[in-house]
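To start, the structure under review is shown below, and the notes come after it.
In what follows, chains are A, B, ... by sequence order, proteins preceding strands, each numbered from 1.
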There are 2 protein chains.
Amino acid sequence: MLEWLKEPEINFPGQLEHAGFEHGVCVGQIQAKAGLTQSTVSEYLSILQRAGFIEAKRVGQWTYYKRNEGAFEALSKLIQSNL
Amino acid sequence: MLEWLKEPEINFPGQLEHAGFEHGVCVGQIQAKAGLTQSTVSEYLSILQRAGFIEAKRVGQWTYYKRNEGAFEALSKLIQSNL
DNA sequence: CAAATATATCGACTTTTCCCGATATATGGA
DNA sequence: TCCATATATCGGGAAAAGTCGATATATTTG
């Protein structure tokens, strides 16, 4: 999912019918691609959010998730320096 | 354990009575510090070895493990480029 | 070769994680 | 307000990971 969110236009073309990608990708799009249930995907995304890897933005009935690139840089540096 | 192995001299002073650190740290030293059973530590180290994060060197009855720094750099770069 | 020491492997049990269906909550539209 | 849609949360069963004791293997020494 994290890799998918690097290129929303390529990985979630279906979202174009309803919205753009300025706030990220909505849960339903991710669920369809993942092939897991709605509850599983929702929970997974909230875990990634709490971990800081993605950010959520509620717009109407939809919740859009997008990557927080800073978290990946921080993780990369953490591995370099601490591990 | 991976962090401990960054500074063997500091984290495993007990090994000096029997050997140096040129090949790494032996299982018994790591076990004592970890506070887990011998079997658990041995299995854990073999997993880390198969994953490429540490290297094993058998010397007599002892198996010494040391970090494979290249694996950590590679992981850091993988996160930067692929994740 | 027998005993002592160090490590590895095996089987079982416990804990954690994964994933689901059911249900609750939130929003938008008739 | 009532219903449809989207997402979140909850409880439980299945799968995986963690840990142990017992035992096997390897090495050194007497």
Nearest of C:dA6, C:dA8, D:dC20 to any side-chain atom of B:Glu43? D:dC20

May I ask you to decide if B:Gly20's main-chain N or O and B:Gln15's side chain share a donor-acceptor pair within less than 3.5 Å? yes

No-H, no-angle donor-acceptor pair, B:Gln61 side chain to C:dT5 base, under 3.5 Å: yes

Could you tell me whether B:Ser42 contacts a base, only the sugar-phosphate backbone, or nothing, with contacts defined as non-hydrogen atoms closer than 4.0 Å? base

Hey, does B:Leu36 reach any base, or is it just sugar-phosphate, or nothing, if we go heavy atoms under 4.0 Å? sugar-phosphate

Identify whether NZ of Lys or CZ of Arg in A:Arg67 sits under 6.0 Å from the centre of the six-membered ring of A:Phe53 and within 45° of that ring's axis. no

Whole angstroms only, please: what is the CD-P distance between B:Gln31 and C:dT7? 9 Å

Of D:dG21, D:dT19, C:dA6, the nucleotide closest to the side chain of B:Trp62 is C:dA6

Cation-pi, A:Tyr64 ring and A:Arg58 (6.0 angstrom, 45 degrees): no

If you assign each of A:Gly35 and A:Gly60 to its closest nucleotide in DNA chain C, which residue comes earlier from the 5' end? A:Gly35

D:dG18 C1' sits how many Å from B:Leu48 CG, rounded? 13 Å

Atom-pair distance (OH on B:Tyr44; P on C:dT9), nearest Å: 17 Å

Take the protein atom CD1 of B:Ile30 and the nucleotide atom C1' of C:dT7, then report the distance between them rounded to whole Å. 12 Å

From the set C:dA8, D:dT27, C:dT9, return the single nucleotide nearest to any side-chain atom of B:Ser39. C:dT9

For B:Gln38 and A:Thr40, find the nucleotide of DNA chain C closest to each by heavy atoms; which residue's nucleotide sits nearer the 5' end? B:Gln38

Length of the CD1-P vector between A:Ile47 and D:dT7, whole Å: 17 Å

Atom CZ of A:Arg50 to atom C1' of D:dA8: distance rounded to whole Å? 11 Å

Has the side chain of A:Gln31 got a donor or acceptor atom that lies under 3.5 Å from a matching backbone atom of A:Cys26? no

Would you kindly give the CD-to-C1' distance between A:Gln15 and D:dA6, to the nearest whole Å? 13 Å

Using a heavy-atom cut-off of 4.0 Å across all strands, would you classify A:Tyr65 as base, sugar-phosphate, or nothing? sugar-phosphate

To the nearest Å, give me how far apart OH (B:Tyr64) and C1' (C:dT7) are. 12 Å

Between B:Asn68 (side chain) and B:Ile54 (backbone), is there a donor-acceptor pair under 3.5 Å? no

